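To start, the structure under review is shown below, and the notes come after it.
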2 protein chains.
Amino acid sequence: MTRWSIGELAKASGLTVRTLHHYDEIGLVVASERTPSGHRRYTPDDVRLLYQVRSLRQLGLSLEEVRSALSRSDSLRPLFEAQLASLTAQAQQLEALRSRLTALLDGHTTEFLLSTLEMMAVHESYFTADQLGDLRSRAAAMGPEAVEALKASWLELVRQLRQHMADDVPPSDPRVAEVVRRWDELGARFTGGDPAIQAAARRSWEENKAAIGKQVGWPADDGLVEYVARARAAR
Amino acid sequence: MTRWSIGELAKASGLTVRTLHHYDEIGLVVASERTPSGHRRYTPDDVRLLYQVRSLRQLGLSLEEVRSALSRSDSLRPLFEAQLASLTAQAQQLEALRSRLTALLDGHTTEFLLSTLEMMAVHESYFTADQLGDLRSRAAAMGPEAVEALKASWLELVRQLRQHMADDVPPSDPRVAEVVRRWDELGARFTGGDPAIQAAARRSWEENKAAIGKQVGWPADDGLVEYVARARAAR
DNA sequence: CTTGAACCTCACGCCACGGGAGGTCCTACG
DNA sequence: CGTAGGACCTCCCGTGGCGTGAGGTTCAAG
């Protein structure tokens, strides 16, 4: 049996008959022969070509790329190297995604997954890629529990501030000053002291405090920012 | 500014205007308001939703999956876990591809890349996934140079066999028996002695010896298989 | 000689948008 | 006040890599 029907070839190659039809249509892998009635007969050379195509496809090339790779076989090596680089980048991206997702699943209950994701997305738009890398590596160095602890302390400090504000404690009160000082300290640990990152974080916070508040259950904006500003001014 | 135009939102989110139009068309993220003239106005809630969608998309979900994930938010966790598993599998696949490609680029000159790829593809169809995993891990344990050395020895043995055959040495000759013995030994090292893998390798070899020969420059089938069979029988 | 499986050729459908045509709307400048 | 040009609108066709029929022919086994 030196000729193959389309069905046999499909089974052997793990592709579908439709796919082989498609390759034939676009002239990528054409059956060299036909039976008198029009059935495709694939020769060993056709089969070889098909396997080459399948291999290149598995390396992530488009059909057009496969076609040109096969037509000018001298250019294969740079193409492979480019493809290797692209694959590496893809793998790294996937790995980053994977670790973020793992962290999410570890640290959060279901009902917070969405809002956390959303806040991550919102905040990301305020930072450059470099800055985000910084933040992430710092977070990784601290470990997830430390990050969670930091978040919790931060929320607690905000809660205390809101309490003081509700109790009509004047912003100049030393207790308020102390909370603000610890707040800034936490912020510095988060931002690594980088003024650009601090500025970005502040912008993000100010423009999204309503959304953050919604997420953790605060009432709408009620002057917290002004209260803190007055506290700073009084210092 | 509590409402956003489509252009502002596109810039902020890193998506295109066309994409936002698309999400609107399919009812995934619809601008809650319009100006009297029909321009879209996105409310903060719309923006939140969009960021959720963007996040889930970045995790590799299809738009339909995103839609259903957002409609029944209690099922998020299993979905995330499934997605995590899928991402992990993808990353592993990519990594495997990457290492294969690296090995190819290291070990072969350009003109053999294609035929090597092709032979890999052909042979793979003869083995189950488990068996391939076995083969790969054995190859990895041996290291690439050892694998290349093994291949070279194997080709050399075949060359000797062909030589004997060309010299009309009878298959019962002890020299032939010795070559066949060493051939089987090599094969055992390759297959790990697993009879199922040996059978698959034999099938692959017999059905593809013509193609293999073409690749390494042998003439067409000339009775090598029968010669070896007679040598085995005489043993 | 008859099934039923395998094959053939159209030809439309899918996803997630890209991109252009042709028109309306908004804003800033002269 | 007019106008230029940018942002926006809807409509609609195109893309890649096939999937999935519909409706008809051919092949291999019984």
Side-chain angles (χ1 to χ4, degrees), chain A residues 1-43 46-47 49-70 83 86 90, chain B residues 1 3-43 46-47 49-70 83 86 90 93:
Chain A
M1 183 204 303
T2 67
R3 302 295 119 126
W4 311 62
S5 76
I6 197 169
E8 290 163 349
L9 193 49
K11 253 187 205 161
S13 65
L15 304 173
T16 69
V17 170
R18 180 62 180 96
T19 299
L20 297 183
H21 277 165
H22 185 59
Y23 290 173
D24 194 331
E25 275 171 34
I26 65 173
L28 184 56
V29 180
V30 179
S32 303
E33 304 179 359
R34 296 272 186 146
T35 66
S37 59
H39 287 195
R40 274 163 260 252
R41 307 261 94 193
Y42 288 88
T43 69
D46 297 341
V47 175
L49 177 57
L50 179 64
Y51 276 115
Q52 293 181 351
V53 167
R54 206 196 64 167
S55 299
L56 293 176
R57 285 246 62 200
Q58 286 184 351
L59 296 183
L61 303 197
S62 76
L63 293 184
E64 271 320 302
E65 286 170 328
V66 167
R67 193 203 300 276
S68 68
L70 291 176
Q83 203 60 20
S86 145
Q90 276 185 50
Chain B
M1 184 204 302
R3 301 295 120 123
W4 310 64
S5 77
I6 197 169
E8 291 162 348
L9 193 49
K11 253 187 206 163
S13 66
L15 303 173
T16 69
V17 169
R18 181 64 183 91
T19 298
L20 297 183
H21 278 164
H22 184 58
Y23 291 175
D24 194 331
E25 274 172 36
I26 65 173
L28 184 56
V29 181
V30 179
S32 303
E33 304 178 359
R34 298 271 187 148
T35 66
S37 62
H39 288 194
R40 275 163 258 252
R41 308 261 94 194
Y42 288 87
T43 68
D46 297 340
V47 175
L49 177 58
L50 179 65
Y51 276 114
Q52 293 181 350
V53 167
R54 205 195 64 169
S55 298
L56 293 176
R57 286 246 62 200
Q58 286 183 350
L59 297 182
L61 303 197
S62 75
L63 294 184
E64 272 320 302
E65 288 170 327
V66 168
R67 194 203 300 277
S68 68
L70 291 176
Q83 202 61 20
S86 146
Q90 274 187 53
Q93 281 250 12

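Throughout, protein chains are lettered first and strands after them, A, B, ... in sequence-line order, and every chain is numbered starting at 1. Please read these numbers as outputs of a predicted model, since none were measured by experiment.
At a threshold of 4.0 angstrom between heavy atoms, the contacts of A:Ile26 with the nucleic acid are absent. In this structure, A:Ser5 reaches the sugar-phosphate backbone alone: every heavy-atom distance under 4.0 Å involves primed, P, OP1 or OP2 atoms, never a base. Contact annotation for A:Leu63: backbone-only contact, meaning every heavy-atom pair under 4.0 Å involves sugar-phosphate atoms and none involves a base.
Per the geometry, NE2 belonging to B:His21 stands 7 Å off C1' belonging to D:dC8, to the nearest Å. Between the C1' atom of C:dG18 and the CG atom of B:Leu15 lies a distance of 14 Å, rounded to the nearest Å. For the pair A:Arg34 CZ and C:dC8 C1', the computed distance is 8 Å after rounding to whole Å.
No option in B:His21, B:Arg3, B:Glu33 other than B:His21 meets the side chain to side chain contact (heavy atoms under 4.5 Å, CB included) test with B:Arg40.
Which of C:dA16, D:dC18, C:dG18 sits closest to the side chain of B:Thr19 comes down to C:dG18. Set against C:dG18, D:dT10, D:dC27, the side chain of B:Arg40 has D:dT10 as its closest nucleotide. Of the candidates C:dG18, C:dC25, D:dG17, the closest approach to any side-chain atom of B:Ser37 belongs to C:dC25.
Comparing A:His39 and A:Arg18 by the nucleotide of DNA chain D whose heavy atom lies nearest to each, the residue mapping closer to the 5' end is A:Arg18.
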Derivation of the side chain to side chain contact (heavy atoms under 4.5 Å, CB included) call for B:Val29 and B:Asp24: CA-CA 5 Å; B:Val29 181; B:Asp24 194 331; over 6 Å; no
